[in-house]
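For reference, the structure discussed in these notes is given below.
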Number of protein chains: 2
Amino acid sequence: MNTFKLMNKGQRTLVPVDVSTVQERVYQSLRLGLLRGEFLPGEQISIRSLAEVLGTSAMPVREALARLIAERAIEQSGPRTLRVAPYLASDHENYIRIRMQLEGYAAERAASAPKDPALIDSLKRHNDSMAEALAVGDFDAALAGNQAFHFELYRAGGYPQLLDLISTLWLRTGPIVASARKDAKLFDRLFHIGFRIHDDAIEAVERRDRAAARWAINLDIRSAHLAIRRFYKHAADQADNEGS
Amino acid sequence: MNTFKLMNKGQRTLVPVDVSTVQERVYQSLRLGLLRGEFLPGEQISIRSLAEVLGTSAMPVREALARLIAERAIEQSGPRTLRVAPYLASDHENYIRIRMQLEGYAAERAASAPKDPALIDSLKRHNDSMAEALAVGDFDAALAGNQAFHFELYRAGGYPQLLDLISTLWLRTGPIVASARKDAKLFDRLFHIGFRIHDDAIEAVERRDRAAARWAINLDIRSAHLAIRRFYKHAADQADNEGS
DNA sequence: GTATTTGATGTGTGATCACATATCAAAAAT
DNA sequence: ATTTTTGATATGTGATCACACATCAAATAC
């Protein structure tokens with residue numbers, strides 16, 4: 001008669017409980033939105049408006065935003081105002097340097113890991129999908145492909161904690177990068193260069209060349225940074241001209 | 001006539017508003033508690049109990065904990081259970097490697113910055129206060145001195161964002177480090193070694209020797225790590241013996 | 001005596017309300 | 001016509017309540 005109980009107890013130990021709270025889904029939704037550029041840098045955020053759009057009450061949104069504030073993806077610009085972190089040239093440059101340290105290290109670790117043909121295949125696939133998306137002008141898919149490539153590589157480094165830190169950095173700079181799509185020509189060129197650098201990175205991992213892997217990723221980050229800086233500088237100049 | 005308006009617009013940009021909400025004070029309080037070792041690794045956390053102790057309602061505590069969860073200082077171990085991140089040897093080792101990348105880089109930047117006698121003085125003062133605290137067996141003050149030394153150094157690197165990342169890493173590993181105080185002998189030796197390494201770091205900064213600064217900080221982190229690993233290994237062995 | 005059931009207690013989650021205050025446009029006074 | 005005042009609206013913050021569920025010990029049934 002206690003057969004059932006034993007069964008229950010036996011399978012109870014580590015069943016990955018899928019308790020998906022409303023707050024969690026709101027959080028993931030906002031996170032995705034930030035990475036896909038659905039929020040502009042500096043854009044004001046309202047708890048109640050978001051709650052209405054997402055079809056929940058204000059409570060889960062409030063908590064999800066609290067988490068995003070803790071990750072510095074959203075900031076409190078005043079006593080009663082939330083906004084997406086705006087673009088600030090010097091801040092962004094700081095983030096780029098930090099990202100080079102962290103992501104360069106992750107790439108280095110990925111290249112040090114035992115050779116994994118499946119990884120190489122997967123990286124190539126992500127990079128190709130990025131190029132294909134670019135060919136048809138689908139910037140959303142290109143961004144997703146780029147992100148998938150990078151995180152697949154970093155995941156191979158084998159540090160969940162490092163991956164997590166890098167994620168929050170991407171979350172902070174996500175809206176800034178994604179907004180650059182407004183200049184289609186620049187965005188297109190940026191990703192074409194990225195595609196070639198990714199190829200170098202894949203080759204470096206294949207050769208298990210740590211230094212080359214780090215170098216490639218750092219070049220990728222830096223070149224993207226330069227393009228984005230140019231974009232915002234251009235936007236600022238244009239705003240000045242209109243203002244005068 | 002628009003003088004006032006222009007002034008307002010000019011100074012509006014970065015006024016550091018001091019709206020200290022209850023939530024913020026709760027958050028800072030919990031943060032300090034974590035860093036000072038008032039919570040044990042793996043300890044269960046209850047919103048309502050904390051609210052009672054802190055003399056607030058559950059609401060601010062809930063939000064403060066949400067932020068700490070986002071920073072991975074507290075984790076959700078089950079559907080309805082919060083706890084301080086427990087000690088896990090491999091996880092902690094990962095954090096150590098990441099800290100070496102980030103804090104080593106920060107030290108490097110501090111050593112690259114223009115020479116600043118006030119900084120050197122301040123570093124020496126923090127390091128001495130750590131040694132003095134140690135001499136009278138005040139581990140709380142020693143921990144505080146150690147922390148002050150490190151963050152003073154990193155602050156000199158000039159990257160607020162980097163400092164922020166390092167802070168969250170310290171928050172995650174804080175309870176683990178602070179708990180090691182239970183082995184007074186080990187803790188004492190750990191800090192004595194730290195004192196000497198800090199001296200090397202100060203000297204490196206004085207000479208503006210980036211490589212030496214990075215090396216010293218990395219040695220500091222690594223040696224602390226080894227001591228702490230030994231502490232937890234010893235504690236686990238003891239628990240095994242008692243269990244047999 | 002032992003195994004099962006039950007019930008009290010404590011947990012995080014989410015909804016709803018009251019509140020102080022920031023913002024902005026309309027109205028009033030100069 | 002310009003400046004000042006005012007009032008409506010929207011904001012985040014915090015308190016309180018209802019709820020579903022997990023845990024554990026006491027009570028019950030075997």
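Convention: sequence-line order gives letters A, B, ...; per-chain numbering from 1.
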From the set dG14(D), dA15(D), dG12(D), return the single nucleotide nearest to any side-chain atom of Val22(B).
dG14(D)
Can you tell me the distance, in whole Å, between the CG atom of Leu68(B) and the C1' atom of dG12(C)?
16 Å
Given dT11(D), is OP1 or OP2 found less than 4.0 Å from the side-chain N or O atoms of Ser49(A)?
yes
Side chains of His126(A) and Asn146(A): is there a donor and an acceptor less than 3.5 Å apart?
no
Whole angstrom is fine here: how far is it from CZ in Arg25(A) over to P in dT13(C)?
13 Å
Looking across every strand, which nucleic acid part, if any, lies under 4.0 Å from Ile45(B) by heavy atom: base, sugar-phosphate, or nothing?
sugar-phosphate
On DNA chain C, does the nearest nucleotide to Leu65(B) precede the nearest nucleotide to Thr56(A) from the 5' side, or the other way round? Give the residue.
Leu65(B)
Glu52(B) CD - dG10(C) P separation (whole Å):
10 Å
Is there a donor-acceptor pair under 3.5 Å between the side chain of Glu43(B) and the backbone N or O of Leu40(B)?
yes
To the nearest Å, how far apart are Leu54(B) CG and dG14(D) P?
13 Å
Are the side chains of Ser179(B) and Tyr232(B) in contact, using a 4.5 Å heavy-atom criterion?
yes
Under the side chain to side chain donor-acceptor pair (under 3.5 Å) rule, collect the residues that match up with Tyr87(B), sequence neighbours excluded.
none
Scan Glu63(A) against the nucleic acid and name what it touches under 4.0 Å (heavy atoms): base, sugar-phosphate only, or nothing.
nothing
Using a cut-off of under 3.5 Å, enumerate the N/O to N/O pairs linking the protein to nucleotides 17-21 of chain D.
none

Starting at atom CG of Leu82(A), determine the distance to atom C1' of dT13(D), rounded to an integer number of angstrom.
11 Å
Please pick, from dA15(C), dT11(D), dT16(D), the nucleotide with the shortest atom-to-atom distance to any side-chain atom of Ser46(A).
dT11(D)
Would Arg83(B) and Glu75(B) pass as an ion pair if we require N to O under 4.0 Å?
yes
Counting just side-chain N and O atoms, does Gln76(B) come under 4.0 Å of either OP1 or OP2 of dT13(C)?
yes
Is the shortest side-chain N to carboxylate O distance from Asp140(A) to Arg181(A) below 4.0 Å?
yes
Integer-rounded Å distance: dA15(C) P and Gln23(A) CD:
11 Å
Ile47(B) CD1 - dG12(C) P separation (whole Å):
4 Å
Can you confirm whether the side chains of Arg99(B) and Tyr95(B) place a donor and an acceptor under 3.5 Å from each other?
no
